[in-house]
Amino acid sequence: MLDLLRRQFDDQVTAPSNGTGVAAVVRPRELAAAGEVVRLAREHGHRLVTVGARTKQAWAAPGRGPAIELDMCGLSRVVEYSPEDMTITVEAGMTLGSLTAVLARNHQRLTLDPPNGDRATVGGVLAANDSGPVRFAYGTARDIVIGMSMIEPDGGLVRSGGKVVKNVAGYDLHKLYIGSFGTLGPIATVTFKLRPQPEARGMVVLTPRDAVEAEDMIAGALAGDTRPTFVELLNGRMAGRLKLLGRTTLVIGFEENADAVSWQCSAIVKALGGVPLSETHSAALYDQLRQAAGGEAPAGFKASLLSSEVCGFVERLDRLPLRIIARAGNGVVHGLADEPLHDSEWTVLEGMMADLEGSLQVRGPVPAVAPRFGRPRGDAFLSQAIQRRFDPLATFAPERMGWPG
Amino acid sequence: MAVELGSDLKADLEAVVGPRGMISSPEELLVYECDGYTIAKSVPDAVVLPDSTRQAAEVMKVLHAHGVPFIPRGAGTSLAGGCLPVGGGVFISTSRMKRILEIDTRNRYARVEAGVVNLHVTQATHTCGLHYAPDPSSQMACTIGGNVGTNAGGPHTLKYGVTVNHTLGATLILPDGRIVEVGGPTEDPAGYDLTGVLVGSEGTFGLIAEVTVRLTRNPTTYRTLLGVFESVEDATRTVGDVIAAGIVPSAMEMMDRLIIRAVEEKFQFGFPLDAEAVLIIELDGLEAGIDRLAERVVEICRQNKSREVRRAATDEQRTALWKCRKRAFGAIGRLAPSYCTQDGVVPRAKLPDILRFIQATAKKYDLTIANVFHAGDGNIHPVLLFDERDAEQTRRVLLASAEILAECVRLGGSVSGEHGIGVEKLEPLKLMFSERDLAAQRRLREVFDPQLRANPYKIYATGAACVEVLKPMRQAAL
């Protein structure tokens with residue numbers, strides 16, 4: 001297979017070291033070539049795994065058997081940018097960092113702020129459904145992707161959605177690809193809707209005594225007169241790592257016109273206490289908050305709960321050696337450990353989840369006691385049926401979704 | 001044409017919903033002969049009205065056993081023939097499933113049965129400082145289930161997004177009667193985004209019985225402006241300039257002279273009858289900074305030669321202004337016996353182009369076309385006025401509509417911004433998507449509905465035999 005690929009793609013092919021389960025890595029420079037790689041993989045009965053900057057490979061379940069890796073980093077162009085329509089179409093291998101720079105020249109932004117923002121590719125961020133603090137105000141990838149083209153098993157390109165922000169023509173197939181870990185096929189191009197850069201940013205840092213006070217503060221901020229852009233909760237270990245006081249910390253942030261930002265910061269301080277940060281310090285802390293859930297860690301998880309359960313959950317987790325940052329307004333809790341967790345510690349986590357609405361997803365090596373993507377959902381059979389229908393020969397390694405069988 | 005229900009089927013359905021849960025007499029069925037797309041009419045074989053998810057699932061099982069097609073129906077406000085029972089079938093009406101099941105204000109979601117009226121959700125949550133953001137003009141009648149089916153929009157989508165951005169999950173009854181929960185109140189569920197594809201599926205995946213909707217915090221205040229312009233071009237250029245200035249109003253709505261006239265006659269709001277276009281621009285948010293933003297918007301209007309910019313000074317004035325916009329279609333009834341509301345999208349920068357094209361098309365087909373639309377996101381609603389008793393004029397309306405939609409696609413837009421494909425846009429959809437794209441969509445549909453009994457012939461033709469049945473021109477001319 002390696003020889004075949006080398007003959008066709010020449011210097012775009014590399015052979016990885018033995019024992020990685022990867023037969024060859026191909027980094028095409030053109031979309032048509034990417035389609036050809038997919039077609040060849042299917043024709044020769046190989047798995048095909050799509051990779052970008054490889055920042056999140058530990059999130060999906062491992063693939064079965066030798067795979068061909070389709071490296072999308074060579075497909076990183078802007079296809080079409082329309083600042084007056086606030087839309088942009090890019091190839092999936094473009095890094096978020098490059099995309100951010102292109103948009104900044106027109107004072108625009110993508111309201112998706114996952115960790116590893118500079119290196120991570122658009123395709124990888126979408127395939128893993130990664131996100132960051134501002135999801136509280138703007139939603140996640142599914143809320144800002146308006147169109148996509150994808151590569152089918154036979155190598156052809158299929159399109160869904162379009163280039164305009166209002167569009168109900170046909171099914172939004174592209175939504176299925178977000179969070180699919182490449183199991184429906186590679187994402188080739190993405191069309192996003194954009195926003196203008198905010199005029200100003202501000203934050204207030206609070207240190208609640210305990211979970212009860214933390215929840216009161218969050219509920220108060222959400223029900224009060226301000227409209228936060230993000231609400232971040234850190235446990236003591238994470239706060240310490242970020243060079244804040246090593247205690248449970250709540251950061252409430254605003255992005256708006258300058259008057260509204262300063263008014264809201266004052267309003268929060270008046271109602272809840274805390275310390276308002278200057279624009280410079282806000283910018284610095286924001287970058288840290290954004291990056292905190294990223295980075296390689298020997299063990300980690302992402303829990304999705306109701307927002308009202310977050311503070312109690314984070315407090316009960318304090319006995320485990322975890323750094324925790326939560327998008328508290330969304331109920332999303334990220335935990336990272338510097339050492340692999342013991343089975344008994346995973347059991348504690350699983351036990352806590354059993355009493356709560358929501359799900360737990362493991363990042364990194366999966367222990368015996370915790371399924372990678374949490375308790376199986378009642379609708380899993382539909383996702384699996386869709387995958388089988390779209391990829392009957394299982395070229396795109398459906399086992400990476402952690403489904404049984 | 002209604003097919004006489006087989007007595008077996010009728011008995012089996014009545015056993016589930018009782019005699020009062022079924023409508024099958026021809027006189028009563030006539031009420032259901034069309035939805036908001038009045039050009040095409042077709043009476044269903046029967047209408048079944050289950051009163052709960054469980055009962056609806058039993059109905060679906062009966063229909064599955066008999067191999068009968070079905071059409072989910074909320075309030076029947078579809079403007080694209082989404083509820084048209086092409087080739088026969090049974091309506092499953094959600095009008096008895098209208099309970100609000102749960103409201104969680106802390107976690108900002110509500111769980112409602114599919115027949116709950118859109119506006120009722122906001123009415124139930126408003127005093128808690130929350131509302132349901134997607135607000136289509138028909139929100140006093142249309143249902144949440146229907147909104148989810150069409151990924152409904154409305155004037156405030158510019159800032160707040162469309163239905164899919166506010167749908168957390170749903171209870172779907174598959175065509176074979178199985179009940180499935182997709183999504184839920186917690187975010188990022190494992191597996192594929194089934195909620196995401198369900199929204200906008202136009203009833204082709206089964207019956208949506210319940211929906212978990214996201215609730216949005218109410219804005220503290222509004223500034224609602226009305227810009228009066230001497231030309232549609234000036235107004236559309238204003239829209240582009242506001243966006244370019246980095247301002248995201250919560251709404252930017254345009255009405256042209258014909259609409260202004262009709263609305264003014266009906267509501268006497270004080271609209272200027274001689275203006276070519278008015279632009280409603282609404283900002284919402286906090287008091288702090290909003291006046292400065294409003295001033296910038298006023299300045300942009302002036303730079304684009306607006307004759308005047310009015311401000312709604314009180315809540316009452318704001319409400320009255322929106323009433324005129326949201327009931328514009330009702331007011332149009334004064335202009336002609338019938339009207340056909342089109343729904344297309346172009347990139348915002350192309351708004352002047354499409355409006356010029358619409359004017360040229362009106363001349364070409366000797367029709368009157370009025371324009372009211374969501375200028376902020378390029379979503380146009382040309383309203384073609386005619387008399388449906390005049391078959392020749394009706395034919396011209398359909399031709400003109402097709403040309404306008406084709407031009408939308410040519411300009412980089414879409415054949416539907418919010419009304420959906422229904423039966424109306426089966427052909428235009430092919431302008432946007434290749435055969436491969438449509439094949440992929442069919443594949444997805446077949447996963448949910450392998451027998452193709454769920455709202456058949458909608459979104460795309462599912463068989464060659466339906467081509468003749470679908471030509472609305474023929475129907476209207478009958």
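Every chain is numbered from 1 and lettered A, B, ... according to where its sequence line falls, protein lines coming before strand lines. Every value quoted in this text rests on a predicted model; they were computed, and no experiment measured them. Quick note: numbers below take in every heavy atom, side chains included, and nothing from hydrogens, waters or symmetry partners.
In this structure, the portions of A/T183 lying under 4.5 Å from any heavy atom of chain B include both its backbone and its side chain. Only the side chain of A/M401 comes within contact range of chain B, with heavy atoms under 4.5 Å apart. Residue contact with chain A, scored on non-hydrogen atoms closer than 4.5 Å, involves the backbone and the side chain of B/T220 alike. Heavy atoms closer than 4.5 Å to chain A are found in the side chain of B/Y109, but not in its backbone. Heavy-atom distances place both the backbone and the side chain of A/A260 under 4.5 Å from chain B. Both the backbone and the side chain of A/E357 come within contact range of chain B, each with at least one heavy atom under 4.5 Å from a heavy atom of that chain. With a threshold of 4.5 angstrom between heavy atoms, A/F381 approaches chain B through side-chain atoms but not through N, CA, C or O. In this structure, the portions of B/V182 lying under 4.5 Å from any heavy atom of chain A include both its backbone and its side chain.
Environment of CG in A/D225: sparse, with no more than 12 heavy atoms of neighbouring residues, nucleotides or ligands closer than 6.0 Å.
The greatest number of non-hydrogen atom pairs below 4.5 Å with chain A, out of B/I290, B/V180, B/L286, is found for B/L286. With respect to chain A, the highest number of heavy-atom pairs below 4.5 Å among B/S201, B/G200, B/A244 belongs to B/S201. When B/L158, B/V345, B/V248 are compared by the number of non-hydrogen pairs under 4.5 Å with chain A, B/V345 comes out ahead. Taking B/N379, B/D241, B/N151 one by one and counting their heavy-atom pairs under 4.5 Å with chain A, the maximum is reached by B/N379. Chosen from A/V332, A/L176, A/T226, the residue pairing most often with chain B at heavy-atom distances under 4.5 Å is A/L176. Contact count against chain B (heavy-atom pairs under 4.5 Å) is highest for A/G170 among A/G170, A/A219, A/G139. Across A/R135, A/Q384, A/Q108, the residue that shares the most heavy-atom pairs under 4.5 angstrom with chain B is A/R135.
In terms of heavy atoms, B/G183 sits closest to A/D379 at N-OD2, 3.9 Å. Scanning all heavy atoms of the two residues, the minimum distance from A/L222 to B/R108 falls at O-NH2, 3.0 Å. When every heavy atom of A/L305 is checked against every heavy atom of B/T186, the shortest pair comes out as C-CG2, 3.5 Å. Closest approach of A/D259 to B/G289, counting heavy atoms only: OD2-CA, 3.5 Å. Contact detail for A/D143 and B/N165: the closest heavy-atom pair is OD1-ND2, 2.8 Å. Contact detail for B/A349 and A/E84: the closest heavy-atom pair is CB-CG, 3.4 Å.
Ring centroid separation for the pair B/F205 and A/Y171 comes in under the 6.0 Å cut-off.
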Could you check B/E187 against A/K302 for salt bridge (charged side-chain N to carboxylate O under 4.0 Å, His left out), going step by step and ending with a plain yes or no?
CA-CA 11 Å; B/E187 303 189 13; A/K302 173 184 160 192; over 6 Å; no

Could you walk me through whether B/V346 and A/V164 pass the side-chain contact (heavy atoms from CB on, under 4.5 Å) check?
CA-CA 7 Å; B/V346 295; A/V164 285; 6.0 Å; no

Kindly indicate, with the supporting measurements, whether the criterion side-chain contact (heavy atoms from CB on, under 4.5 Å) is fulfilled by B/V162 and A/K166.
CA-CA 8 Å; B/V162 289; A/K166 293 281 285 285; 3.8 Å; yes

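Remark: the backbone N or O of B/M432 is not paired with any side-chain donor or acceptor of A/R159 at under 3.5 angstrom. Not one N or O on the side chain of B/R106 forms a donor-acceptor pair closer than 3.5 Å with the backbone of A/A223. For B/D188 (side chain) and A/S304 (main-chain N/O), no donor-acceptor pair under 3.5 Å exists by modelled atom type. Of the possible donor and acceptor atoms, none in the side chain of B/R292 sits under 3.5 Å from a partner among the backbone N and O of A/N257. B/R443 contributes no side-chain N or O that, together with a main-chain N or O of A/F390, makes up a donor-acceptor pair within less than 3.5 Å. Proximity of a side-chain donor or acceptor of B/S414 to a complementary backbone N or O of A/N167 within less than 3.5 Å is not detected. With hydrogens and angles disregarded, a donor-acceptor distance shorter than 3.5 Å links the side chain of B/N107 to the backbone of A/S307. Using a distance-only test at 3.5 Å, with no hydrogens or angles considered, no donor-acceptor pair links the side chain of A/S359 to the main chain of B/P189.
Between B/R436 and A/D154, the closest side-chain pair of non-hydrogen atoms falls below 4.5 Å. Side-chain atoms of A/P196 and B/I247, non-hydrogen and from C-beta on, never get closer than 4.5 Å to each other. In this structure, A/V165 and B/D377 have side chains that are in contact, with non-hydrogen atoms separated by less than 4.5 Å. Counting heavy atoms from C-beta on, the side chains of B/Y192 and A/Q387 come closer than 4.5 Å. By the 4.5 Å heavy-atom criterion applied to side chains, A/R389 and B/L444 are not counted as neighbours. B/E287 places none of its side-chain heavy atoms less than 4.5 Å from the side chain of A/W263. Between B/F448 and A/I386, some side-chain heavy-atom pair lies under the 4.5 Å cut-off. Looking at B/K350 and A/D85, their side chains never come closer than 4.5 Å, going by heavy atoms from C-beta outward.
A distance of 8.0 Å separates CD of A/E256 from CG of B/L293, quoted to the nearest 0.5 Å. Atom CG of B/L194 sits about 4.0 Å away from atom OG of A/S383, to the nearest 0.5 Å. Atoms OG and CZ, on A/S82 and B/R348 in that order, are 8.5 Å from each other to the nearest 0.5 Å. The NZ atom of A/K175 sits 11.0 Å away from atom OG1 of B/T195, with the distance rounded to the nearest 0.5 Å. Atom-to-atom distance recorded for B/L198:CG and A/D172:CG is 11.5 Å, nearest 0.5 angstrom.
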